[in-house]
Number of protein chains: 2
Amino acid sequence: MFAVQRGTPMATQPMATGRPATIHDIAALCGVAASTVSRALANPERVNIRTRERIQAAAVELNYTPNSQAKALSSGRTGAVGVLVPDITNPFYFDLIRGTQLQLKAAGYTQLLVDTEESDEVEASTLEQLRKSADGVIVAASRLNDESLAAAAARMPMVTVNRDVDGVPAVIIDTPSAMPQALDHLISLGHTSVAYVSGPAVSQSSARRWDALSAAAEERGVEVRRLGPFAPKTQSGAAAADAAVHSGVTACIVFNDLIAIGMLQRLRERGLRVPEDMSIVGCDDIFGADFCNPPLTTMSSPIEQAGRVAVSMLLAQLNPLAGGGNRNRSVMPTHLTVRGSTGPVPSK
Amino acid sequence: MFAVQRGTPMATQPMATGRPATIHDIAALCGVAASTVSRALANPERVNIRTRERIQAAAVELNYTPNSQAKALSSGRTGAVGVLVPDITNPFYFDLIRGTQLQLKAAGYTQLLVDTEESDEVEASTLEQLRKSADGVIVAASRLNDESLAAAAARMPMVTVNRDVDGVPAVIIDTPSAMPQALDHLISLGHTSVAYVSGPAVSQSSARRWDALSAAAEERGVEVRRLGPFAPKTQSGAAAADAAVHSGVTACIVFNDLIAIGMLQRLRERGLRVPEDMSIVGCDDIFGADFCNPPLTTMSSPIEQAGRVAVSMLLAQLNPLAGGGNRNRSVMPTHLTVRGSTGPVPSK
DNA sequence: ACGTACTTGACAACCGATTGCCATAGGCTG
DNA sequence: CAGCCTATGGCAATCGGTTGTCAAGTACGT
């Protein structure tokens with residue numbers, strides 16, 4: 001298709017034709033009707049092989065590319081999928097985005113990536129926009145309430161990531177399941193006084209992580225207090241660290257690695273050593289968790305794969321033909337990765 | 001527009017109408033022609049104020065949103081701008097992307113973000129796609145050769161970032177200008193044997209940085225050797241570190257922070273201390289450069305602003321009306337940020 | 001050789017907007 | 001009151017495809 005670009009750039013000349021070729025140009029060149037061209041390209045079996053080949057040759061010669069706008073308008077399908085993330089600068093979403101991008105491209109779809117700026121209003125208005133300009137949507141870490149989200153899902157195919165709403169297919173990154181591991185790890189190091197540093201109040205992930213942690217704590221008879229909420233940014237780490245120190249705990253399990261890394265920095269500024277004076281466990285194992293100082297003990301999961309799975313589930317909704325068992329829920333495993341930010345409780 | 005969503009979700013009911021409202025629905029409701037509706041919404045002065053208000057009220061009532069596909073098809077403008085980056089998981093691009101996203105949204109445009117996977121072919125084919133589905137394109141760190149890029153720019157409005165090609169407006173992040181600073185910094189610490197760890201062979205940024213550095217080195221009479229090329233990923237840091245150690249230099253200036261961070265890790269593994277045994281200077285001051293171990297001395301610039309400027313320049317091309325002086329080139333200042341990864345030359 | 005069934009391709013409506021052109025109506029001037 | 005101008009809004013073509021319908025053409029069996 002892009003031989004002109006790829007090979008010797010100047011080998012062939014037709015390129016410079018004013019505007020891109022349309023099916024009408026092809027039709028004229030071949031002496032057939034535009035509709036025949038359309039069929040030859042879309043339902044090849046519907047058209048005589050000889051005509052078809054003539055048309056296909058002409059299409060190549062004219063460097064024809066279908067106009068996606070027109071295609072979308074007439075067929076109703078846009079060939080695009082929206083991907084909504086709350087904060088594009090949060091490294092957690094990089095791998096997710098890359099996963100969706102790869103899988104979508106493989107299936108011939110275009111990805112429309114939108115940063116909803118942690119705002120439910122932006123999210124809602126984006127979803128409404130996308131209703132016309134995308135065939136479906138993947139919503140990561142939605143900030144919307146259940147009703148709005150369910151309503152939006154009723155209007156267009158949707159898959160959520162890390163958000164459970166009745167009737168909406170979801171990919172869940174099962175960080176909560178690693179909470180007991182994390183707690184046991186801390187207990188085995190002698191900690192008995194632990195804090196959970198929570199994320200945004202509207203984050204279902206944060207709530208689920210807290211639930212799992214406090215349940216595990218109760219079973220084991222240790223006390224876990226909750227701090228926060230904090231915005232999921234490194235800057236929030238300072239306040240979180242101060243709160244943790246003030247609360248007197250010896251270890252923290254933190255909503256995500258961004259906050260945890262911020263805490264690491266703040267604790268260092270305050271002259272406290274990690275893990276000697278305070279142990280820190282993050283969540284997500286984002287870019288940076290392995291090379292911060294000290295490297296962060298955190299919970300890892302296959303994020304890119306989560307993105308790919310989300311796309312597969314969405315495409316299954318869009319093309320029900322493929323017999324793919326229409327799963328409604330996919331859970332990604334998570335495990336604790338121990339690095340340098342956790343250690344024995346201070347002897348004191 | 002989304003009162004239904006935002007306020008009390010169930011306060012008003014019309015919402016659930018099968019498919020979205022069109023101008024024809026509004027026209028029918030108001031007893032006017034569709035074209036009048038179109039004008040009332042686009043050129044309000046072209047239609048009587050009473051009719052206009054009636055139409056606008058109906059539009060609100062029906063929860064009308066224009067169909068962007070149809071609009072694009074008939075008007076020729078898509079309201080979308082493509083943003084191409086070589087690797088979406090490279091933190092350098094986060095802030096750039098956020099800058100473009102914010103500025104585009106402010107101007108009412110949609111951002112189409114594409115990861116070209118460091119591939120010139122993907123980049124070329126994406127550009128061809130976008131020609132129809134976007135009004136313009138911002139290409140960051142293009143991997144395309146000059147001819148192909150210039151050809152693509154001739155076919156659609158384009159602004160490049162960190163890539164200078166004749167006739168193509170560009171935003172240049174002037175890291176080369178900080179190279180003398182970096183070198184002086186190292187010289188002041190006693191280093192006389194320095195290496196430049198270069199990036200991808202096709203990266204113009206890397207070439208420009210090397211040119212600036214070797215020129216500065218010649219002026220000052222110090223020797224700088226070149227290592228590489230290396231892919232711009234942390235994984236490449238291991239090979240780069242080994243090469244640096246083998247070459248016997250006492251300090252490295254590295255194409256970007258990803259490689260530099262990878263080198264930090266590798267040097268640590270090999271039991272070498274930074275900066276005691278080897279000083280490292282990165283480029284770009286990405287997410288992570290401030291909290292790695294040791295924190296990285298690097299070159300900082302206003303990346304998000306670069307994204308915003310790129311968008312402004314592109315929009316100036318798209319709407320020549322606004323008298324905005326049509327700059328063809330915008331240079332973002334860069335400065336050295338000294339952190340912990342540089343220190344005095346080993347005494348030995 | 002005729003009827004039937006199937007293949008092939010043309011015609012035209014349609015998707016949802018934009019926009020040039022024209023008809024009408026009303027106000028104004030003289 | 002005639003004549004003209006302007007404000008207003010309708011008609012219809014157009015953007016580039018898709019798709020239902022139908023007529024013509026082909027091949028086949030009897």
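Residue numbers start from 1 in every chain, and the chains themselves are labelled A, B, ... in the order their sequence lines are given, proteins ahead of strands. Predicted model, so just to flag it, every value in this text is computed and none were measured.
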With no hydrogens and no angle check, do the side chains of A/Gln111 and A/Thr100 hold a donor and an acceptor under 3.5 Å apart?
yes
Starting at NZ of B/Lys71 and ending at P of C/dC15, how long is that distance when rounded to a whole Å?
19 Å
Would you say the side chain of B/Val122 lies within less than 4.5 Å of the side chain of A/Lys105, judging by non-hydrogen atoms?
yes
Over how many whole Å does the gap from A/Lys132 atom NZ to C/dA17 atom C1' extend?
12 Å
Does the base of C/dC11 carry an N or O that pairs as donor and acceptor with the side chain of A/Ser35 under 3.5 Å?
yes
Quick check for you: to the nearest 0.5 Å, what is the distance between A/Asp115 atom CG and B/Arg98 atom CZ?
4.5 Å
Counting side-chain heavy atoms from CB outward, which of D/dG16, D/dG9, C/dT8 is closest to A/Asn48?
C/dT8
Among D/dT21, C/dG16, C/dT18, find the nucleotide with the atom closest to the side chain of A/Leu73.
C/dG16
In whole Å, what is the span from the CZ atom of A/Arg77 to the P atom of C/dC15?
16 Å
Taking CD from A/Gln69 and P from D/dG16, how many angstroms apart are they, rounded to a whole number?
11 Å
Side-chain atoms of B/Asn67 come closest, of C/dT18, C/dG16, D/dG17, to C/dG16
Rounding to an integer number of Å, can you tell me how far B/Glu45 CD sits from C/dT19 C1'?
14 Å
Lys/Arg N to Asp/Glu carboxylate O, A/Asp146 vs A/Arg163, below 4.0 Å:
yes
Measuring from the side chain of B/Ser38 (C-beta onward, heavy atoms only), which nucleotide among D/dT18, D/dG10, C/dT18 has the closest atom?
C/dT18
Would you indicate which nucleotide in C/dG9, D/dG10, D/dG16 comes nearest to any side-chain atom of B/Thr36?
D/dG10
Assign each of A/Ala34 and A/Arg46 to its nearest nucleotide of DNA chain D by heavy atoms, then name whichever residue's nucleotide is nearer the 5' end.
A/Ala34
If you assign each of A/Thr22 and B/Gly31 to its closest nucleotide in DNA chain D, which residue comes earlier from the 5' end?
B/Gly31
Figure out the CZ/C1' separation between A/Arg54 and C/dT8, and round it to whole Å.
12 Å
If I take atom CG in residue A/Asn43 and atom C1' in nucleotide D/dT21, what distance separates them, rounded to the nearest angstrom?
15 Å
Could you tell me whether the side chain of B/Leu318 reaches within less than 4.5 Å of the side chain of B/Arg77, counting heavy atoms only?
no
Closest to the B/Ser74 side chain: D/dG16, C/dG16, C/dT19?
C/dG16
Give the rounded distance in Å between these two atoms: CZ of B/Arg50 and C1' of C/dG26.
14 Å
Starting the side chain at C-beta, find the nucleotide from D/dG9, C/dT18, D/dT19 nearest to B/Thr51.
D/dG9
Kindly say whether, by distance alone, the side chain of B/Arg39 makes a donor-acceptor pair under 3.5 Å with the base of C/dG20?
yes
